[in-house]
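The chains referred to below are lettered A, B, ... by the order of the sequence lines, with proteins before strands, and numbering in each begins at 1.
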Amino acid sequence: MSADFLYGIEVIINGLMAGVLYALVALGFVLIFKASGIFNYAQGVMALFAALTLVGIMEGEVPFSHLINAVFGTEIHHFGWEVPALLAILLTLVVMIFFAWAVQHFVFRHLVGQEPIILFMATIGLAYFLEGVGDLMWGSDIKTLALGLPQGGSLWVEDITSGLGGDDFYGFFIDKLDMVATVVAIVLVTGLILFAQYTKQGRAMRAVADDHQAALSVGISLNFIWVLVWSLAGLVALVAGVMWGAKSGVQFSLSLIALKALPVLMLGGFTSIPGAIVGGLIIGVGEKLFEYMIGPMVGGATENWFAYVLALIFLVFRPQGLFGEKIIERV
Amino acid sequence: MKLKQLAAMALTATLAAGVASAELVIPDLSYRTGPYAAGGTPFSDGYQDYFNMLNARDGGIGGESIRIVECETGYNTEKGVECYEATKGEGALIYQPLSTGITYQLIPKATADGIPLHTMGYGRTSAANGEVFNWVFNYPANYWDAASVMVNYLLEENGGDLSGKKIALIYHNSAYGKEPIRTLEELSAMHGFEFTQLAVDHPGQEQKSQWLQIRRERPDYVLMWGWGVMNQVAVQEAANIGFPMENFIGNWWAGAEHDVTPAGAAANGYKSLNMNRIDANLPVFDDIRTLVHDAGNAAGDGSNMGSVLYTRGMYAAMLAAEAIAKAQEIHGVSAVTPAMVRDGMEALEITDARMEELGMARVGPAFSVSCQNHGGSGLGIVQQWDASAGNWVALTDYIAPDMSVIQPLVAEDSAAFAAEAGIEPGCL
């Protein structure tokens, strides 16, 4: 097989892996939109905040230490202990659940019945607030995520595939971190589907997603379900923050990963978990293949805009996205 | 009522005329928040701590105290311009925008307002021609110098011959990232190396395609023009594909500690340029520690002292302070105006002896500024990251750029700007 053909396959494989990472971000948007009709602009910042909190807890940092030191003239930065990764993840989840409760209690409970654009604006405010709180709590420096996740290309894959082509083919490159992300994403999506299908809370969540009024009439607490949904979005944000943070360190640009989720949502629909996954994969493969085949002819850096072009093409033919609920207006 | 109006008008006229104030106002267009805060914070800490140290130790500069006016830009061009507009009326003497995007917007504004800009190692490269850019200074070095220093270093490594070598540039797809391309194309033609370019879109979180291409094409060297998250991801991706880190060289905005620490041991051997040598034991740090940090007046938490970008911020502040002192000397007054500071910048002469006297021996090279040359000497060093020790090690002394290549480019670009802006080149 020619090297060009094999490298094309390598690009597709890596596109699929990148798509999984995009889907991880998009999942959080879908969960909240499906249950409450809110497009959560803060999802990217939630990923950042979750990752910052995880590192802060693991390293035993004192939250708000800069503020405390400035007000009281103290010099405290660390508790003097380090927290094992698993416990730190659990504690971070507790923080994200508290955040979900606070969001519901202090913001959205007061906005029930408001127009979607008002709710969207509220999430913009929430994003900036959370970014500021994250900065105050943990500082703005770049943090290393020491979870021991594997990094680098898989030599095993490279070795067993290097014989497929000639001397100018060096075997397939597959990042071990991307492999881990794929496994984690599969586990996460399976867990979410099982939770939604087979637990009481999951069924209540689906009922709320289908019809708020009907769910209320059978005694389902909207408040509880929305806290639950925001908590699940917090869990997804933590996973996305960890996977992206492992590549670049945990830093404030993590909040921009939300930009990668938008074309995925346009393509997969705002209300479908499978849509987020398939949309992520299509965007990942599409943008990488375009960059590989057309990028060199037009100066490269095509991925950001091509993802949106691809999503727009799908949008023209299926405005609700590939897996979104069909919009039927009856007069 | 009339009296109040008259007083307000008089105050406005006074501010507009830039009459000498009783204190030296120096705005700090910082970015301590947002995606680029990790780079902006240490620079701002160093910039402010140095001025605060001068206030505490010397009572300011020439007997005039310094007042720092900090304004958060978030590395956002619109906010940067707002900061400029909001602070210039306070009697601002000199601006250090720390952003190429903000610099491009401020060049016409600062020129019209008569306030000097110092864009140290960034901004518009052809501003080195002071006859066109009377109010803009980019000493001690600029992007084109950096590109040439990199190639000169590689020439040195390869026995003076780069013919047949493949050199790739991975760059931030912005005005900043594209700056070295023209110079590298010229140098490629001159030295016979094959030059390829790989653009990375903002912010640079996703670079898989570019690094797969590097893996396929196997260049001998990869040069990088990155900033923010692009740097950390690039270093990690280079390590992922097994690219030899000693053949990967970033410019001086891709060579801070936080650019390499997230990749851990995998970043070992990565190289970058630096326009300012770092040394944790500089005597000036003792003064800053004692007079600023211990007195509770540090701009940050003190943890950045000695880092690459803290040292660069401090170096920038020192160059501003020296220019102000020069302006005071030239004009014989201590309360200088922005126009006088511009004169001081244009007459600036930094010697090794003066650097030592300031407690910053060898932090920057010796250079002088003139009307024709606002760009300084263009020298830079190559440093290498030692992951086990967790610090940068200087590999070279200051390397000179190839001015025979750069000068014609500066002349050509500045002439085009002058024609476009209707500027008659000349000295003030």
Side-chain angles (χ1 to χ4, degrees), chain A residues 3 7 10-11 14-15 17-18 21-22 65-66 69 73 75 77 131-132 135 139-146 151-153 155 158 168-170 173 175-178 244-257 259-260 287-288 290-292 295-296 299-305, chain B residues 31-42 170-174 177-178 196-213 215-216 218 228-237 239-242 256-264 266 296 300-304:
Chain A
Y7 282 129
E10 179 186 63
V11 167
N14 278 277
M17 300 281 189
L21 285 168
Y22 301 162
S65 61
H66 294 293
N69 294 338
E75 273 298 327
H77 294 284
E131 196 167 320
D135 193 348
S140 60
D141 51 325
I142 298 172
K143 298 164 197 334
T144 305
L145 195 58
Q151 297 263 18
L155 292 177
E158 200 171 303
D168 51 352
F169 179 69
Y170 312 115
F173 172 85
D175 192 341
K176 285 180 273 186
L177 181 68
D178 288 347
W244 283 92
K247 280 172 174 276
S248 59
V250 177
Q251 54 178 301
F252 277 71
S253 58
L254 268 184
S255 62
L256 301 176
I257 60 173
L259 296 174
K260 281 290 181 189
E287 67 174 27
K288 295 282 181 288
F290 189 81
E291 177 71 22
Y292 173 63
T302 61
E303 288 165 277
N304 274 5
W305 62 263
Chain B
Y31 38 99
R32 295 174 179 275
T33 63
Y36 298 94
T41 301
I170 186 162
Y171 65 95
H172 194 271
N173 194 25
S174 62
K178 290 173 183 170
T196 53
Q197 304 158 37
L198 298 133
V200 173
D201 261 333
H202 168 82
Q205 200 106 40
E206 173 60 33
Q207 301 176 28
K208 190 71 81 193
S209 296
Q210 290 76 14
W211 287 95
L212 284 177
Q213 190 178 338
R215 183 172 174 271
R216 285 194 297 271
R218 309 248 153 161
V229 69
M230 178 183 159
N231 294 345
Q232 294 92 38
V233 173
V235 170
Q236 182 64 62
E237 292 286 8
N240 286 351
I241 66 161
E257 292 79 359
H258 60 252
D259 291 326
V260 282
T261 45
D301 62 4
S303 61
N304 292 314

Kindly compute the distance separating [atom1] ([X]) from [atom2] ([Y]), expressed to the nearest 0.5 Å.
X	Y	atom1	atom2	value
Q210(B)	E303(A)	CD	CD	5.5 Å
W244(A)	S253(A)	CH2	OG	10.5 Å
D175(A)	M17(A)	CG	CE	8.5 Å
D201(B)	N173(B)	CG	CG	5.0 Å
Q251(A)	D141(A)	CD	CG	10.5 Å
L21(A)	K260(A)	CG	NZ	11.0 Å

Please rank [options] by heavy-atom pairs under 4.5 Å with chain A and give me the top one.
options	value
K208(B), R32(B), H258(B)	K208(B)
A239(B), A263(B), G34(B)	G34(B)
S209(B), G204(B), A234(B)	S209(B)
R215(B), Q213(B), Q232(B)	R215(B)
T196(B), V229(B), T41(B), N304(B)	V229(B)
H202(B), R218(B), E206(B)	R218(B)

Counting heavy-atom pairs under 4.5 Å with chain B, the top scorer among Q151(A), E291(A), E287(A) is Q151(A)

Greatest number of heavy atom pairs closer than 4.5 Å to chain B - which of K247(A), K143(A), E75(A): K247(A)

Segment of [X] engaging chain B (4.5 angstrom heavy-atom cut-off):
X	answer
Y22(A)	side chain
N69(A)	neither
L254(A)	both
I142(A)	both
N304(A)	both

Which portion of [X] sits near chain A, non-hydrogen atoms under 4.5 angstrom:
X	answer
Q205(B)	both
I241(B)	both
T33(B)	both
D301(B)	side chain

Does any non-hydrogen side-chain atom of M230(B) lie less than 4.5 Å from one of I170(B)? yes

Are K288(A) and N14(A) side-chain neighbours, meaning at least one heavy-atom pair lies under 4.5 Å? no

Centre of Y292(A)'s six-membered ring, under 6.0 Å away, within 45 degrees of the axis: is that where NZ or CZ of R216(B) sits? no

In short, Y31(B) meets G39(B) closest at the heavy-atom pair CE1-C, 4.5 Å

Does a donor on one side chain and an acceptor on the other come within less than 3.5 Å for N240(B) and Q236(B)? yes

